[in-house]
Amino acid sequence: MWMVCVLALVLSVAGSGVKVPDKPRLPNFVLIMVDDLGIGDIGCYGNHTIRTPHIDRLASEGVRLTQHLSAAPLCTPSRAAFLTGRYALRSGLGSAGRVQVLLFLGGSGGLPPSETTFAKRLQQQGYTTGLVGKWHQGVSCHHRDDHCHHPNQHGFSSFYGLPFTLFNDCVPGQGSDVLADLQSTLRSLTLLLGLGLVTLVCVRHCGLVDLSPSLLLFLLFLLFCLASVWVLPFTLLRRWNCVLMRDGEVVEQPLIVETLPQRLLKEAKDFIHRNQDGPFLLFFSLVHVHIPLFTNPDFMGRSLHGLYGDNVEEVDWIVGQVTQTIDSLGLSNHTLMYFTSDHGGHLEDRDATGQKGGWNGIYKGGKAMGGWEGGIRVPGIFRWPGTLPPGREVHEPTSLMDLYPTLKHLARDTKPDRLLDGHNLMPLLDGTSQSSEHEFMFHYCGKYLHAVRWRPPGSDSVYKAHLFTPNFSPGGAVGCYHTHVCMCHGEYVTAQTPPLLYDLSRDPSESRPLSAQSEPRYHEALRRMEQAVHAHQDTLRAHVHPEGPSAQLSWGHVLWRPWLQPCCGTFPFCACEEQVHSAD
Ligand SMILES: *[C@@H]1O[C@H](CO)[C@@H](O)[C@H](O)[C@H]1NC(C)=O
Ligand SMILES: *[C@@H]1O[C@H](CO)[C@@H](O)[C@H](O)[C@H]1NC(C)=O
């Protein structure tokens, strides 16, 4: 035995003799993002009836941000901004109309190949980069296997998870999210075309116009196509959108939801084990707590808040498992862990059994509302023992877009980059700085600017001016229950002139708008914010997707195309099941 030790010692001494001293070790990153989790769902954010001890522990051992903001109130744009460090409209993911997220895996929209993600930058610094879980940034552009939007093309050397998202259509009997909206549009289109066709036939019959039979036939064919899409069987939609991939390969279709959380967790743990010599980046993008909710028997009925609460407590358990993996490998002092949600909870997700879409605490509004705080204020926790002070709280405005420059900084990446909207968070996290570099923040709903935030230096105030507010329905409700999500434009919003101004430091629930009489800095605040908007818009002109801020979410890019559909087995009935080996 001791022969081996001596040999090892000799070898290591010999080794160090020839080696130039290494640069200090690069830290690992574990980023955990929950889907649709509200800030009010977590114990350390003031919820005393839900049990989230593992998340709370990360906060007590690290830094808790209380004004952490997503750059958009919906998945696709918020995640694009998170990954790129820039507002989503710079990548062409700022919606102009009703479609605010990618609707089909077989669409051609997504995070453009020309964009750069933090994963790509870290990869270039020598990191092993992995994504486990939800992506929702598109797959292919021109043909099924070009994978131009795929995580592997965007800097993740390994990917295991959902190229799309978990949604109700993935579980039979849970109803439909995607079709509901699309169906009404298609129904009107079919009706219009049908009426038009009947009129044409009548007119032709009367000899008023000369219509070639082939044109008639073509119109009839078009009508047939529209009608068949409109009555698209739900089972096919489930096959097309509920897909599990490992790197470029479809491994399960349709997704088996019941065992999904365990499989994702196992993959995340395996990734950490495999790469424990580091440096690595793991982006663990949970499919919880988006609906449909999971019904894991180990957590069912345990919380005081129904199935939704059970799911939050399961998330906490998963976070605990990941933390324990890091700690048990002795990696905690070399690993920055981050916990957040992509945007606020979904208020309109409720049924007879109760709330299914999260709780945003004292903040007004929720998911799909770009201006109101409940849609964008999310949990933000950083833990890095030995480097970040335990128990620190930061009340300054910070953004999910700050991760990109922060990770770059820690990976000692100083190479030139594009214009970023985020800032390096390290000075705020370690306490060397007390104030945010975000003097202004712009709160978008799609491509439309809905609100502006101003954090005047040297003051406690945080002003927010709303330029547009969503029209709630039914009247008196907080939420858009008639459309299920709020829209960002047109008749769905009210322009506020003059803007509605609040001071969040005194009125975090945005319930008492300020006036020139009640607020001495009223005019100054509005003027400063207007100037900031102009300066911001100047940067947009030069740094935005060449085809426009909404290019990736146009109907042309969003609608399903058979030749782009990821598929295993025989198209269009795509079917395969992952071979799961023993659970541990
Ligand atoms: C705690 O979270 C649950 C689940 O979202 C919610 O129903 C409840 O109102 C929250 N309680 C507090 C005190 O925030
Ligand atoms: C981590 O760092 C802290 C403070 O520097 C030290 O007390 C602790 O022993 C370290 N833990 C490990 C596992 O290295």
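Predicted, not measured: the structure shown is a model, and the values here were computed from it. Counting convention: from 1, in listed order, for ligands and their atoms alike.
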| N/O donor-acceptor pair under 3.5 Å between Ser436 side chain and Thr398 backbone | no

| field | Any N/O pair Ser332/ligand 2 closer than 3.5 Å | value | no

| message | Regarding ligand 1, does Asn47 bring an N or O atom to under 3.5 Å of one of the ligand's N or O atoms? | response | yes

| Has Gly40 got any heavy atom lying under 4.0 angstrom from an atom of ligand 1? | yes

| Does the ring center of His443 lie less than 6.0 Å from the ring center of Trp372? | no

| Quick one: does atom 11 (N) of ligand 2 have a protein heavy atom under 4.0 Å from it? | yes

| Is the backbone N or O of Pro73 less than 3.5 Å from a side-chain atom of Ser70, with the two atoms forming a donor-acceptor pair by type? | no

| query | Quick one: nearest non-hydrogen protein atom to atom 4 (C) of ligand 2, plus distance? | reply | Gly386 CA, 4.0 Å

| field | Distance-only N or O hit between ligand 1 and Asp41, under 3.5 Å | value | yes

| task | Give the residue, atom name and distance (to 0.1 Å) of the protein heavy atom nearest atom 8 (C) of ligand 1. | result | His305 CE1, 3.6 Å

| said: Ring centres under 6.0 Å, that's the criterion: do Phe442 and His450 meet it? | reply: no

| task | Give the residue and atom name of whichever protein heavy atom lies nearest to atom 3 (C) of ligand 2, and the separation in Å to one decimal. | result | Asn333 ND2, 3.5 Å

| query | Is the NZ or CZ atom of Arg263 positioned over Tyr160's six-membered ring, under 6.0 angstrom from the centre and within 45° of the axis? | reply | no

| Protein heavy atom under 4.0 angstrom of atom 14 (O) of ligand 2, is there one? | yes

| said: Strictly below 4.0 Å, N to O, side chains only: are Arg506 and Glu519 in salt-bridge contact? | reply: yes

| request: Measure centre to centre between the rings of Tyr492 and His489, then say whether the value is under 6.0 Å. | output: yes

| field | Closest approach of any protein heavy atom to atom 9 (O) of ligand 1, naming residue and atom | value | Trp359 CE2, 3.5 Å

